[in-house]
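Okay, structure first, notes after.
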Amino acid sequence: MPDIAKACFRIPSQDLLFFEGQEESLSVFPQDRTGYVISNFEGTEFQFIAAKANPDKVEFSNHHAPGIKLDKSIDKHFFINYVKQIQSHIKSGEASKVVASRCNQIDLPDSFEINTFIQQLATTYPNAYISAYQGKKGTYVTATPELLLHMNNKGDAETMALAGTAKWEERDRLGVKEKEEQGFIVTHLQEVLDTFKLPYDKTAKSIVHAGHLAHLVNNFKFNLSHINLSHFLASIHPTPAVGVYPHSAGVSFITQNEGWNRGFFAGYSGIINVEGQTALAINLRSMLINGNKALLQAGAGITLESIPENEWLETEEKMKTIKNLIV
């Protein structure tokens with residue numbers, strides 16, 4: 001019997017698109033297929049639902065996946081020390097920026113209903129990319145501000161360099177540290193586009209409103225009509241917004257030292273060749289259903305200027321995107 005999975009995806013200012021169909025586990029991005037895809041952080045594993053967008057709402061099940069084992073990522077002391085470890089790694093010259101992530105677990109109330117929750121996310125965060133997946137890898141939901149790639153059937157594409165975080169009412173505090181952190185992503189995207197010899201237009205740096213938070217952003221536009229999309233995605237992801245700068249440093253430091261397996265967190269999800277567009281967003285502001293609990297996930301960009309306690313508080317603020325609609 002085939003594995004049947006369900007998913008939905010929402011581009012800001014558009015309607016939720018729903019998918020239901022046979023699920024496939026792949027090791028390469030299915031660029032010539034049509035359907036929904038979600039990847040792991042490393043971009044090496046893909047869950048794909050081969051289906052056209054369903055005109056009707058798909059009902060997700062409230063039968064939650066069994067509990068998973070939490071490693072060290074829930075512990076504040078571990079996270080603070082991990083940030084300091086990253087800063088030592090940077091001082092050694094191995095990297096210029098590393099994103100540290102962690103998770104936290106909260107109880108789901110008896111009244112929690114996932115279909116209602118997804119609609120709440122879409123309504124509360126109109127500027128977010130909403131993604132939900134339910135399949136053999138569990139149930140995973142995101143409301144992310146960060147676009148990885150949006151492309152039409154002519155190859156006209158865009159991406160963004162988004163980083164640096166402050167509460168919206170404190171957005172004037174996006175200072176030198178945040179600008180440096182976001183600047184690494186700008187440089188990375190420019191390097192990738194130059195490597196592929198792709199002319200591009202880049203907007204001026206601005207502040208984007210994401211829920212109760214503010215971030216710095218530059219947008220890039222270019223054309224991918226003559227580029228292998230799978231190769232391009234492998235070059236661009238994981239961006240320094242979720243991984244390491246320089247990109248050539250790889251993510252082994254993260255996977256060996258972070259204290260948990262990110263899984264889908266900081267991977268990407270979205271639609272491929274659906275209604276004339278491919279749209280992929282980074283899995284941030286996310287949760288994994290963990291039995292009768294929600295496993296909230298968040299990260300923070302670490303540089304030499306980072307204050308470990310502040311980075312912990314930043315992850316707490318990012319988790320509120322999901323948490324505030326549950327508790």
Side-chain angles (χ1 to χ4, degrees), residues 39-44 71-104 144-146 148 159-166 174-192 213 215-218 234-268 282-286 296-319:
S39 87
N40 66 342
F41 162 59
E42 295 89 343
T44 56
D71 295 318
K72 302 171 184 176
S73 58
I74 203 167
D75 181 72
K76 181 177 180 180
H77 179 73
F78 176 86
F79 182 83
I80 295 294
N81 284 337
Y82 177 47
V83 172
K84 294 176 181 178
Q85 182 185 6
I86 289 173
Q87 291 178 312
S88 296
H89 185 65
I90 293 172
K91 287 179 182 178
S92 73
E94 296 295 322
S96 298
K97 172 191 174 182
V98 178
V99 174
S101 73
R102 53 173 284 258
C103 56
N104 188 30
T144 177
E146 187 163 353
L148 179 63
T159 187
M160 64 170 57
L162 183 145
T165 302
L174 290 166
V176 174
K177 183 265 181 184
E178 289 78 18
K179 290 176 181 177
E180 179 189 35
E181 178 188 342
Q182 190 261 350
F184 289 129
I185 308 163
V186 172
T187 301
H188 166 67
L189 294 178
Q190 291 175 158
E191 290 170 345
V192 171
L213 299 176
H215 307 287
L216 297 170
V217 68
N218 294 90
S235 297
I236 205 172
H237 177 80
T239 77
V242 294
V244 177
Y245 184 82
H247 193 262
S248 58
V251 296
S252 60
F253 178 86
I254 290 175
T255 56
Q256 292 171 13
N257 295 287
E258 197 157 70
W260 71 302
N261 181 350
R262 289 187 178 187
F264 290 138
F265 177 74
Y268 57 86
I282 305 294
N283 299 328
L284 303 173
R285 314 295 191 271
S286 54
L296 308 178
Q297 305 165 332
I302 309 303
T303 66
L304 288 179
E305 289 71 36
S306 293
I307 300 172
E309 177 72 21
N310 290 352
E311 302 299 341
W312 170 269
L313 294 175
E314 179 177 320
T315 61
E316 288 284 289
E317 287 299 324
K318 288 176 176 176
M319 288 180 185

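Keep in mind the model is a prediction, meaning the values are calculated, not measured.
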[X] side chain to [Y] backbone, donor-acceptor under 3.5 Å:
X: T144; Y: I282; value: yes
X: H215; Y: A163; value: no
X: S39; Y: Y268; value: yes

Please collect all salt bridge (Lys or Arg N to Asp or Glu O under 4.0 Å) contacts where either partner lies in residues 297-309, sequence neighbours excluded, each pair once. K76-E309
How close do [X] and [Y] get, heavy atom to heavy atom, and via which atoms?
X: S306; Y: G301; result: OG-O, 3.6 Å
X: V99; Y: R262; result: O-NH2, 2.9 Å
X: L216; Y: Q182; result: O-CG, 3.7 Å
X: S235; Y: V192; result: O-CG2, 3.6 Å
X: T315; Y: F79; result: CG2-CZ, 4.0 Å
X: C103; Y: W260; result: SG-CE3, 4.1 Å

Taking side chain as C-beta onward, heavy atoms only, is K318 less than 4.5 Å from L213? yes
Short side-chain donor-acceptor distance under 3.5 Å, N40 and T44: yes
By side-chain hydrogen bond (donor to acceptor under 3.5 Å, both in side chains) - contacts of [X] (at least two apart):
X: E178; result: none
X: E316; result: R102
X: S286; result: Y140, Q297
X: N81; result: H77

Check ring-ring contact (aromatic ring centres under 6.0 Å, His included) between H188 and all other residues, then give those that pass, not counting sequence neighbours. H247
Taking ring-ring contact (aromatic ring centres under 6.0 Å, His included) as the test, write out the residues that go with Y245, two or more places apart. F184
Among all residues two or more places apart in sequence or in another chain, which pass the side chain to side chain contact (heavy atoms under 4.5 Å, CB included) test with V244? A95, V98, A249, I254
Roughly how far apart are [X] [atom1] and [Y] [atom2], rounded to 0.5 Å?
X: I90; Y: F253; atom1: CD1; atom2: CZ; value: 8.5 Å
X: I302; Y: I86; atom1: CD1; atom2: CD1; value: 5.5 Å
X: T165; Y: L174; atom1: OG1; atom2: CG; value: 7.5 Å
X: L296; Y: N104; atom1: CG; atom2: CG; value: 6.0 Å
X: F41; Y: N283; atom1: CZ; atom2: CG; value: 11.5 Å
X: T159; Y: L189; atom1: OG1; atom2: CG; value: 5.5 Å

Identify, with sequence neighbours excluded, every residue that meets salt bridge (Lys or Arg N to Asp or Glu O under 4.0 Å) alongside [X].
X: E191; result: none
X: E311; result: K177
X: E180; result: none

Can you run down the side-chain hydrogen bond (donor to acceptor under 3.5 Å, both in side chains) pairs that involve residues 83-95, sequence neighbours left out, and say none if there aren't any? Q85-N257
So with a 6.0 Å cut-off around CG of L304, is the heavy-atom count from everything else above 12? yes
